[in-house]
Number of protein chains: 2
Amino acid sequence: MCAKFSEMERLLTNLKVNINSKIYLKDPQSSDLGKRIVENSILLIDKIGFEQFTFRKLSKEINSTESSIYRYFENKHKLLVYLSSWYWGWLEYRLVFATNSIENPEQKLRKALEIITQPVEQDMHFDHINEVILHKIVVSESSKSFLTKEVDQENKEGFFSIYKRLAYRLTEMIEEIDSSYSHPKSLVSIVLEGTLHQHFLREHFPTITNCNQRHSVTEFITNLVFNNLKEHHGSK
Amino acid sequence: MCAKFSEMERLLTNLKVNINSKIYLKDPQSSDLGKRIVENSILLIDKIGFEQFTFRKLSKEINSTESSIYRYFENKHKLLVYLSSWYWGWLEYRLVFATNSIENPEQKLRKALEIITQPVEQDMHFDHINEVILHKIVVSESSKSFLTKEVDQENKEGFFSIYKRLAYRLTEMIEEIDSSYSHPKSLVSIVLEGTLHQHFLREHFPTITNCNQRHSVTEFITNLVFNNLKEHHGSK
DNA sequence: TGATAATGATAGTAATACTATTATTTTTGT
DNA sequence: ACAAAAATAATAGTATTACTATCATTATCA
């Protein structure tokens, strides 16, 4: 058991979210500077917003230079795609880890929805990434990573494959519970995007959401999903 | 009846979507140049995307100057807020017009969801606005109008009040059908945002949506909503 | 017709979004 | 331990962006 624990530890401390290498010029996970770029870009984007964020400002934060940052990312758009991908990759890993051993399809989906919708907590296995703040960025900025004129080209190049893979996984879970439901893919995509949106509304437009201190996003989304599926047996 | 018709005509041809005057410096609906700015900004944003769009480029399109455009809008962000508001105001007007006389709550909501989710058609009453292209912009760009660091300040100033009013209207319709449903506001906001998102996915990420030639967004959203509400009596 | 408002023409500025070159430091293979 | 290679820093430069300011010209309408 002790051996197993240390094996587990090794597995976990060596974790690395695998991101399409076309998104970056040089893998930021491969060097100290790269990690500082990622770490501090999260903090700075959260602080001043993506529009005001520049490589020049970031370079000052990390006592480096613009040109050094440009060796890792072509531009700030690619950096945002990278951060979003990292988030979804991390979420996918946690989702698979948490649902893998659950046999019951309904419980499995419930757990998956929990992982997706619950407030994010710091994950100690990635010390250069503050997942709590990254989640804030994903809520407020990540839509901008695909709402561009280049989306089709970048989609072809696989920039969004992690997100899509996560969507496929969830779609399968839904189909396993109710294969007769007509719009599993759309339900999944509205859940993924809608979850972020509800978190945003809760913070900035509380009058048009019921999600607040008393009602969690998890509760709303879980309810929404299961109200669309047959053969579910009440609340867990 | 002939008199009534011409009164109706007058009413309709004088239509003007009312937009919070804090969004603009000078009302673009008040002059020829203003209308050309709005008309051509829609076309140009659709053509090159909001990031690449500049007042300089727009000024060349309309054979005017940057400084003239700046007399109407402080910056391109405000112009986007304006265009989004116009869209939601126009939708609200059509929604009220179409649902006003419907007594049956379920039919009323069905009609409202139709208006919101159906592909947009050209409206002849506003000749300086191409509603079909405006809808494309709303799908791809309008999220950027509130995903900013200034959102709370701008919300206080009423920049998003038309959108929120539309959300309240829909929330009331839902509550009228099922007052026991626990998340009417969140359901409405996920429907409004989700509708745009499904249109986007249909165009750019067809593998994670069921909305396509065969399944309309209307069908998916209507289904989603009514599956969450009690006391509905099958399909219309 | 004369004043006023609207638009156009032109110029200027700080910041952005890069690219290029060269110098310095760090890493690494033997 | 040392040379070669790789990574980073320093510096400079460019076209474009996102404005602001000023003044000239052209409609409007009282």
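All heavy atoms count here, side chains included; hydrogens, waters and symmetry mates do not.
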key: Donor-acceptor under 3.5 Å (A:Asn20 side chain, A:Gly158 main chain)   = yes

key: Nearest-0.5 Å distance, NE2 of residue B:His197 to CD1 of residue A:Ile190   =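 Separation between the atoms: 8.0 Å.
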
inquiry  = Counting only side-chain nitrogens and oxygens, does B:Ser31 get under 4.0 Å of the OP1 or OP2 atom of C:dT7?
reply    = yes

task = Ignoring backbone atoms, establish whether A:Ser30 has a side-chain N or O less than 4.0 Å from OP1 or OP2 of D:dA7.
result =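 For D:dA7, OP1/OP2 do not have a side-chain N/O of A:Ser30 under 4.0 Å.
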
task = Write down the distance between CD1 (B:Ile37) and C1' (C:dT7), rounded to a whole number of angstrom.
result = 10 Å

key: Euclidean distance, atom CG of residue A:Asp32 to atom P of C:dT25 [Å, nearest integer]   = 18 Å

Kindly assign one of parallel, tilted or perpendicular to the pair [X] and [Y], based on the angle between their ring planes and the thresholds 30° and 60°.
| X | Y | result |
| --- | --- | --- |
| B:Trp86 | B:Trp90 | parallel |
| A:His183 | B:Phe220 | tilted |
| A:Tyr93 | A:Phe97 | tilted |

ask   = In residues 43-73 of chain B, which ones come under 4.0 Å of DNA chain C, going by heavy atoms?
value = B:Asn63, B:Ser64, B:Thr65, B:Ser67, B:Ser68, B:Arg71, B:Tyr72

ask   = Of the nucleotides C:dT7, C:dC18, D:dT8, which has the atom closest to the A:Lys26 side chain?
value =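 So the side chain of A:Lys26 is nearest to D:dT8.
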
ask   = Between B:Ser41 and B:Tyr82, does any side-chain donor sit less than 3.5 Å from a side-chain acceptor?
value =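 There is no such pair between these side chains.
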
Nucleic acid contacts of residues 76-86 of chain A, taken as heavy-atom distances under 4.0 Å to DNA chain D =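 Those residues whose heavy atoms fall under 4.0 Å from DNA chain D, taken from residues 76-86 of chain A, amount to none.
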
Any residue meeting ring-ring contact (aromatic ring centres under 6.0 Å, His included) with B:Tyr70, in chain and number order, not counting sequence neighbours =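 B:Tyr70 satisfies ring-ring contact (aromatic ring centres under 6.0 Å, His included) with B:Phe55 once adjacent residues are dropped.
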
request  = Could you give me the CA-CA distance, side-chain angles and deciding distance for B:Val217 and B:Arg202, then say whether side chain to side chain contact (heavy atoms under 4.5 Å, CB included) is met?
outcome  = CA-CA 9 Å; B:Val217 176; B:Arg202 187 175 156 151; 4.2 Å; yes

